[in-house]
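Have a look at the structure below, then the notes.
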Amino acid sequence: MTSVLVTGGNGVLGRRLVPLLLADGHRVIVASRKPKARADGAEEVALDLRDPDSMVAAVNGRDVIVHAATDPYRSRRVDVEGTRALIAAARHLDSTHLIYISIVGIDDHPYPYYRAKAAAEQAIEESDLLYSILRTTQFHDLIPVLGDMLTKSPVALLPGDVPLQTLDTGTAAARLAELVETGASGRVPDIGGPEVATLESRLRDYYAVKGLRRPRVRFRIPGRTGAAFRSGALLTDNKAVGSPTWDMWLKEYRRSRSA
């Protein structure tokens with residue numbers, strides 16, 4: 001039985017990944033700062049990316065580590081320093097396979113979070129560990145997060161001319177589960193959502209579902225960061241055929257809100 005440690009196992013992606021790993025017959029250990037008992041068959045173990053001792057204890061004896069923990073607001077501390085500390089904790093393990101989930105188009109991107117993800121990738125590639133790195137486009141789940149942020153003022157903000165190719169989280173989870181089975185593969189092909197649209201159109205859809213009636217103001221993200229977002233760098237030709245579309249995801253989101 002393969003022992004799989006999942007960092008970020010209680011997050012949006014982790015909640016889709018853990019059941020797949022359990023269904024494949026793996027022993028699944030979810031890393032958590034505050035471990036608790038679970039009813040799904042997985043275990044939880046204490047791990048704090050700021051605490052090297054907790055990382056050594058959490059990774060010891062694991063065959064695979066799926067590193068899905070991330071924090072856009074503390075990316076240097078969590079994504080860069082945390083990944084480096086995780087690598088150091090796992091360095092003494094002979095054959096542990098580290099799988100990292102990253103983002104399409106982050107090379108040379110000025111957005112600090114993307115720079116942190118690229119630095120984490122580099123740390124993994126330069127380590128002595130067996131590894132796989134999967135880049136995906138943004139998840140459908142990002143739109144409500146952004147939408148809620150952009151409606152904190154009296155108006156609803158709409159960033160203009162930003163193309164997105166959002167992906168269902170379950171599709172990314174299924175690909176990660178495949179990598180657990182196939183073993184260390186290095187940098188694997190990117191995957192993206194089945195369709196391209198603008199961030200503005202996605203937010204308009206989300207605001208409509210929320211029943212938001214406040215005035216909407218379109219704006220242009222300034223500077224090099226805005227230009228990078230508008231450039232199409234976050235898109236990929238490798239579309240996930242058969243993955244749930246945005247409309248399918250939004251329909252389920254609407255249903256869950258009304259349940």
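All values below were derived from every heavy atom in this structure, side-chain atoms included, with hydrogens, water molecules and symmetry-related copies excluded.
- Considering every non-hydrogen atom in both Ala123 and Arg84, the closest pair reads CB-CG, 4.0 Å.
- The two residues Val45 and Ala58 make their nearest non-hydrogen contact at CG1-CB, 4.2 Å.
- Listed for the Arg230 side chain is a donor-acceptor partner under 3.5 Å among the backbone atoms of Ile221.
- With a 4.5 Å cut-off on side-chain heavy atoms, Arg135 and Ile103 do not count as touching.
- Cluster annotation: Val162 and Val217 are assigned to the same hydrophobic cluster (Ile/Leu/Val/Met/Phe/Trp/Tyr, side-chain heavy-atom contacts under 4.5 Å, transitive).
- One N or O on the side chain of Ser185 and one on the backbone of Gly183 form a donor-acceptor pair closer than 3.5 Å.
- Arg38 and Asn10 are linked by a side-chain donor-acceptor pair at a separation below 3.5 angstrom, with hydrogens and angles left out of the test.
- Linking Ile, Leu, Val, Met, Phe, Trp and Tyr residues whenever their side-chain heavy atoms come within less than 4.5 Å leaves Leu134 and Ile106 in two separate clusters.
- In terms of modelled atom types and a separation under 3.5 Å, the side chain of Glu200 and the main chain of Arg218 share no donor-acceptor contact.
- Taking 4.0 Å as the cut-off between side-chain N and carboxylate O, Arg62 and Glu43 do not count as a salt-bridged pair.
- Side-chain atoms of Thr137 come within 3.5 Å of backbone atoms of Gly193 as a donor-acceptor pair (strictly under, hydrogens ignored).
- No donor-acceptor distance shorter than 3.5 angstrom exists from the side chain of Asp63 to the backbone of Val4, with no hydrogens or angles considered.
- One finds a salt bridge joining Asp168 and Arg16 here, because a Lys/Arg side-chain nitrogen approaches an Asp/Glu carboxylate oxygen to under 4.0 Å.
- The main-chain N or O of Val28 is never found under 3.5 Å from a side-chain atom of His26 such that the two would form a donor-acceptor pair.
- Listed here is the closest heavy atom pair of Ala240 and Thr171: CB-CG2, 3.9 Å.
- Partner of Gln165 under the side chain to side chain contact (heavy atoms under 4.5 Å, CB included) criterion, out of Thr136, Leu235, Ile191: Leu235 alone.
- Side chains of Asp190 and Thr236: a donor-acceptor N/O pair is absent below 3.5 angstrom, by distance only.
- Of the residues listed (Leu21, Val180, Leu5, Leu98), the one engaging Val64 in a side chain to side chain contact (heavy atoms under 4.5 Å, CB included) is Val180, and it is the only one.
- Looking at Asp108 and Arg224, no side-chain N of the basic residue comes within less than 4.0 Å of a carboxylate O on the acidic one, giving no salt bridge.
- Ser54 places no side-chain N or O within donor-acceptor distance of the main-chain N or O of Ala46, the cut-off being under 3.5 Å.
- The shortest heavy-atom contact between Ala120 and Thr83 is CB-OG1, 3.8 Å.
- Ring geometry for Tyr253 versus Trp249: interplanar angle under 30°, hence parallel rather than tilted (30 to 60°).
- When the side chains of ILVMFWY residues are joined at heavy-atom separations under 4.5 Å, either directly or via intervening members, Val12 and Leu250 end up in two distinct hydrophobic clusters.
- Both Leu176 and Val30 belong to a single network of hydrophobic side chains, linked directly or stepwise wherever heavy atoms of I, L, V, M, F, W or Y lie under 4.5 Å apart.
- In this structure a side-chain-to-backbone donor-acceptor pair under 3.5 Å is missing from Thr166 to Phe139.
- Side chain of Arg115 to main chain of Pro110: a donor-acceptor pair is present (N/O by atom type, distance under 3.5 Å, no hydrogens or angles).
- Counting all heavy atoms, side chain and backbone alike, Asn238 lies closest to Pro189 at ND2-CB, 4.0 Å.
- What you find for Ala156 and Thr151 is that their closest heavy atoms are CB-CG2, 3.9 Å.
- With hydrogens and angles ignored, the 3.5 Å screen pairs no side-chain donor or acceptor of His67 with any backbone N or O of Leu86.
- In the model, Tyr206 has a side-chain atom that pairs as donor or acceptor with a side-chain atom of Asp148 under 3.5 Å.
- Salt-bridge annotation for Lys117 and Glu121: absent, with no side-chain N of the basic residue lying under 4.0 Å from a carboxylate O of the acidic one.
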